Each structure stands twice: as C-alpha cells, then as structure tokens.
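Only heavy atoms go into these numbers, but all of them, side chains included; no hydrogens, no water, no symmetry mates. Reminder, nothing fancy here: chain letters follow the sequence lines and each chain counts from 1. Remember, it's a predicted structure, so these values are computed and weren't measured experimentally.
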Amino acid sequence: MIGRARFAFTVLGFGYAFLYLPLVLVMIYSFNESRLVTVWGGFSTKWWSALLTNEAMLQAAWLSLRIAFVSATAAALIGLAAGYALARAPPFPGRSLFGGMVIAPMVMPEVVMGISMLLLFVGAERLFGGPERGFLTIAIAHTTFSIAFVAIVVQARLADFDRSLEEAAMDLGATPWVTFLTVTLPLIAPAVGSGWLLAFTLSLDDLIMTQFVAGAQSQTLPMRVYSSVRLGVDPQINVLATVIVVVAACALIFSGWLTRRKV
Amino acid sequence: MRFVIALPFLWLGVFFLLPFALVLMIAFGSNAPDSVPPVELGASLKNFKLLFTDDLYLAAWLTSLRIAATSTLAALLLGYPMAYAIARAAPARRPLLLMLVVLPFWTSFLIRVYAWMGLLDENGLLNQFLRWSGIASDPGTILGTEWAVHLGIVYAYLPFMVLPLYATLEKLDTGLLEAAADLGATPLKAFLTVTLPLSVPGIVAGCLLVFIPSVGEFVIPDLLGGTQTLMIGKVLWDEFFTNADWPLASAVAICLLALLVGPIMLFQRHQARSLERR
C-alpha cells in the first residue's frame with residue numbers, strides 16, 4: 001500500500017512539475033529587470049507597465065475579447081442545438097454525416113480548416129461581394145470550430161440525466177417547447193455555461209484559423225503575440241502569459257463550480 | 001426538433017463541409033501570381049504529382065507522421081501513469097488533481113509553446129541549470145531540433161491524453177482486480193491482464209486526440225523546431241503565406257485530410273459509442 005502511494009506521488013509530482021514549471025518560470029521572469037531571459041537582473045515591474053501602455057497590444061486584446069464574446073455566444077447556441085439533436089433526436093436521414101460534422105472540427109488540423117474557410121470567404125466575396133474579411137469572418141471561423149466542444153458537453157450532460165423527467169412533463173400536458181424550456185434547459189444550463197467559457201477561451205487563443213481569415217486590417221491578440229515571439233523571447237509576452245494563466249485559473253474554477261453545482 | 005437539427009446542420013454544412021469542396025476545386029488549379037485571388041482554375045494533377053515526387057515534400061510527410069507517432073507514444077507513457085494515479089486517488093481529491101491537468105489547456109496554447117523557448121534556448125534556463133549543476137559542461141542546444149518539437153507536442157497535448165484515460169480508468173471495477181489477486185495474480189499480472197485491456201478505449205481516444213492534430217501541427221514546429229524540422233502543417237503555411245501558392249497549399253490540405261480521414265472517423269465512432277454506453 002505504501003509502495004502504491006509513493007508511486008502515485010512520484011508520478012503526479014513529475015507530471016505536474018512538467019506541466020507547470022515552464023509556466024511558473026515565465027511568470028517569474030515577467031518581473032525580471034533585464035531584457036534577457038537568461039539573466040536575472042533583479043525584481044522590476046517595468047515590463048508590466050510597458051505592456052499596460054502598449055497601445056497596439058491592448059487594441060488587439062480588445063478585438064480578441066469582442067470576437068470571443070460573439071463567437072462563444074453563437075457557438076453555445078448552435079452547439080446546444082447540435083448536442084440536443086445528437087442526444088435526443090429520433091434517427092433522421094444524414095444522422096451519421098451530422099455526427100461526423102459536429103465532432104470532426106475538434107481534431108481537424110487547424111491549417112486545413114484555416115485554408116478551407118479562407119477559400120470559402122474569398123469565393124463569397126467574388127459571388128456576393130462580401131463579407132469583408134475581418135471581425136465577422138474571424139467570428140464565423142471561431143464559431144465553427146467551437147461548436148464541437150459545446151455540443152459534446154451538452155450531449156454528455158443529456159446522456160447523464162433521466163429522460164423520465166421530460167416524459168413526465170409531457171404526460172402532464174407540456175408541449176415539447178415548454179418541456180425544453182422548463183425542464184431540460186435548466187438541467188443542462190451549467191453544461192452550456194461551461195461550453196460557452198470553453199468556446200470563449202478557444203477563440204481568445206486561436207492563431208492559425210485567424211491568421212488565414214483575418215484579412216489585412218484586423219490583428220487579434222494571438223497574431224500580435226505570434227509576430228512578437230517569432231523573433232525570440234519578449235519580456236512583455238511573459239507579463240501577458242502571467243495575466244492569461246491567472247485569468248484562466250479563475251475561469252476554470254468558476255466553470256468547475258458551474259458544472260458541479262447541483263440544480 | 002426539425003429546426004434544432006437544421007441550425008447546426010446548415011451552419012456546419014456551409015462553413016465546414018462546403019469549404020472542403022472549394023479546397024478540392026482549387027487544388028486542381030494552378031498558381032496565377034498576377035490575378036486576385038492568385039488562382040487559375042483547372043483540372044491538372046501537377047500539384048498532387050509534385051507532393052508525391054518531390055523529396056522535400058515526401059520528407060515532410062514522413063517527418064510529420066513519425067514525430068506525431070513518437071510524440072503520441074511519449075504522451076501515452078507519461079499520461080497513463082498520471083491518469084492511473086488520479087483515478088486511484090481518494091475520491092475527494094480527484095476533482096482538484098484533474099483540474100490541475102486541465103488548467104494548462106485553458107491558458108493559451110501559443111503561450112505554452114512560447115514558455116519552452118526560454119527554457120530550451122542555447123543560453124536558456126535548462127542549459128544554465130545543466131552547467132551550474134555540473135551535469136553537462138557543454139550541453140547542446142535543444143531549441144531548433146526535433147527533440148524540442150517532441151517535447152512541445154507532449155507538453156501541449158498531454159491533457160488530451162490524460163482526460164480520456166482517466167475517464168475509462170475511473171469507471172474500472174476494482175472488484176475485478178481483487179478477484180484477480182484472489183486467484184493468485186501478482187499486481188503486475190493483474191494490471192496487464194485486467195486493467196490494461198479494459199482501458200483500451202481510453203488509450204485509443206487519447207492517442208487519436210493527440211495524434212491527429214499533431215500531424216498537421218504548425219505552431220510547435222515553427223517556434224521550437226527551427227528551420228531543420230520540416231512538418232507538413234508548416235509546409236502548407238509557407239506555401240500559402242510565403243509563396244502565395246494557393247493551389248499547392250490546397251493540395252497539401254487535401255492530402256492531409258485524406259491521410260487523417262480514417263483516424264478522424266475512428267475517433268468520431270468512438271465518441272458516439274462512449275456516449276451511448278453511459
């Protein structure tokens with residue numbers, strides 16, 4: 001028994017160290033006085049103030065946040081419908097195609113989705129004269145790959161709970177729509193909420209698809225970060241990383257609280 | 001119900017399925033640098049022929065598959081014991097342990113890859129540590145090699161490996177292990193004959209979740225692999241953005257898709273089945 005406990009401790013200790021050490025080091029070095037990553041030049045918050053006054057970075061962050069909000073909301077709605085259809089709809093023609101289309105974006109290499117969506121938007125521009133590449137096209141691209149993640153959480157939640165609750169409501173005379181609004185939706189709301197958060201995070205972080213569909217005018221936060229880190233380590237990016245890790249930890253705790261809360 | 005099916009069906013049909021038809025169409029065209037967009041439609045196979053005869057592209061395909069496969073294996077070897085340890089931890093402690101695995105996934109992918117740049121650089125923290133501790137006086141540079149790409153993939157995709165493994169291991173009936181022990185099996189034998197076979201669904205799901213995206217990975221080989229490591233996702237990116245050869249990039253995308261359609265369908269079927277079984 002002691003052997004097993006020691007095994008678990010070693011394995012998890014090593015695993016978590018592997019997962020967190022790089023992030024912790026980046027966070028520590030965000031307070032480094034020196035510009036060089038490799039030299040510790042003493043404690044300083046100058047990179048923090050540099051980032052907070054970096055107009056281009058802040059603008060990119062603001063754009064990313066707005067896109068993330070729009071695409072997460074759209075993905076939550078469509079993903080809710082998709083997850084509900086997968087879990088509850090009677091067999092319909094094209095069911096397996098539907099299932100495939102919902103799941104595939106989860107694993108599809110992003111370069112493939114990126115180029116295909118760009119070609120779609122270019123084609124639409126030629127045929128209909130729009131939409132102009134920028135906010136809207138990025139939001140559509142993000143929505144498309146986020147749907148899968150919402151649908152899976154919703155479907156799993158629906159598979160877990162008792163269908164007899166819905167049947168009881170219908171037996172008592174509720175229409176399917178009323179049943180959905182008063183019984184089903186409140187039960188799966190936490191799943192939709194955490195799906196929304198996941199979609200929001202994915203959108204905020206996406207580089208590859210965004211780079212394909214963004215057009216010349218729009219620069220999102222990951223695009224800025226990428227063009228900066230290509231040239232090497234940048235102290236301001238260390239600061240940004242620290243902010244992201246802290247915010248992500250808060251979001252995750254909130255999301256965990258949402259899904260674990262018993263309704 | 002009809003509307004509930006139609007909304008996602010239409011959205012994904014227009015924005016996910018239809019675009020692939022366009023990619024296929026463009027892949028048979030040829031490059032036209034002077035027109036906007038730089039494409040001339042056609043029915044030539046020359047892009048595909050180039051992809052399968054040019055040594056550079058062949059090497060990129062093979063490197064991508066090899067790196068993805070070995071990284072997946074490494075992620076499995078690291079992720080399995082972790083998932084096992086979490087599944088055997090006290091029930092009250094499991095959510096926290098699991099959350100610690102998931103948390104990095106909620107931070108930025110780009111930032112997590114970036115975090116390794118400062119570690120693996122020639123004068124990076126890893127080499128400083130190696131010199132300081134005297135383990136190696138002249139350690140080579142890991143950044144810019146395949147080692148760094150492997151490390152990056154394992155690091156970035158580890159949560160995807162641990163989660164499905166945990167899901168199957170957690171459901172495992174410990175009574176079976178007790179029965180095996182009662183019948184005289186050593187712990188190792190019980191693991192090999194009971195636990196391991198029963199966790200195959202989790203192994204399959206985890207490996208697919210790591211393998212499929214890493215074949216087409218771009219950010220990791222670009223930031224950690226340097227110019228030496230040629231992976232197919234990076235080839236597609238360079239053809240598109242640097243050379244502005246849209247048809248060739250489309251042909252790469254089509255081949256990548258053809259290569260991965262089998263694993264993707266396997267994953268989809270696996271997902272559907274695991275949800276039905278609940």
Heavy-atom closest pair, residues A/Val111 and B/Gly233: CG1-O, 3.9 Å
So how far is it from B/Phe9 CZ to A/Ile78 CD1, rounded to the nearest 0.5 Å? 14.5 Å
Given that the side chain runs from C-beta out, which part of A/Ile147 has a heavy atom under 4.5 Å from chain B: side chain, backbone, both or neither? side chain
Of the backbone (N, CA, C, O) and the side chain (C-beta and beyond), which part of A/Phe180 lies under 4.5 Å from a heavy atom of chain B, both, or neither? neither
Indicate the atoms forming the closest heavy-atom contact of A/Ile115 with B/Ser250, along with that distance. CD1-N, 3.7 Å
Counting only heavy atoms closer than 4.5 Å, note whether A/Val246 contacts chain B via side chain, backbone, both or neither. neither
Salt bridge (Lys or Arg N to Asp or Glu O under 4.0 Å) pairs touching residues 244-270 of chain B, sequence neighbours excluded, are none
Interchain contact, B/Leu103 with chain A, by part (heavy-atom threshold 4.5 Å): both
Check each atom of B/Leu12 against the heavy atoms of chain A and say whether the ones under 4.5 Å are side chain, backbone, both or neither. both
In terms of heavy-atom proximity below 4.5 Å to chain B, should A/Glu110 be classed as side chain, backbone, both, or neither? neither
Heavy-atom check, side chain of A/Pro222 versus side chain of B/Phe109, under 4.5 Å: no
Apply the test ring pair (Phe, Tyr, Trp, His ring centres under 6.0 Å) to residues A/Phe145 and B/Phe16: give CA-CA distance (whole Å), side-chain angles for both, the deciding distance (0.1 Å), then the verdict. CA-CA 9 Å; A/Phe145 74 72; B/Phe16 185 66; over 10 Å; no
Checking heavy atoms, do the side chain of A/Val245, its backbone, both or neither come under 4.5 Å from chain B? both
Classify the ring geometry between A/Phe18 and B/Tyr155 as parallel (under 30°), tilted (30 to 60°) or perpendicular (over 60°). perpendicular
Is chain B contacted by the side chain of A/Leu207, its backbone, both, or neither, given a heavy-atom distance below 4.5 Å? side chain
Testing the basics here: between A/Tyr226 and B/Leu110, what is the closest heavy-atom pair and its distance to 0.1 Å? N-CD2, 3.9 Å
Proximity breakdown for A/Leu158 and chain B, heavy-atom pairs closer than 4.5 Å: neither
Looking at A/Leu19 and B/Val101, what are the two nearest heavy atoms and their distance? CD1-CA, 4.2 Å
Using every non-hydrogen atom in the two residues, find where A/Arg230 and B/Leu223 come nearest and quote the distance to one decimal. CA-CD2, 4.2 Å
Honestly, the part of A/Leu97 sitting under 4.5 Å from a heavy atom of chain B is side chain
For B/Val162, which atoms come within 4.5 Å of any heavy atom of chain A: side chain, backbone, both, or neither? neither
Over all atoms of both residues, closest heavy-atom pair of B/Phe15 and A/Met117: O-CE, 3.4 Å
Could you measure the distance from the OH atom of B/Tyr84 to the CG atom of A/Leu12? Nearest 0.5 Å is fine. 12.5 Å
Ignoring hydrogens and geometry, is there a side-chain-to-backbone donor-acceptor pair from B/Tyr114 to A/Val26 under 3.5 Å? no
Do A/Phe212 and B/Trp237 have their ring centres less than 6.0 Å from each other? yes
For residues 77-90 of chain A, the salt bridge (Lys or Arg N to Asp or Glu O under 4.0 Å) pairs (sequence neighbours left out) are A/Arg88-A/Glu166
Okay, A/Thr201 and chain B: the region with an atom under 4.5 Å from a heavy atom over there is side chain
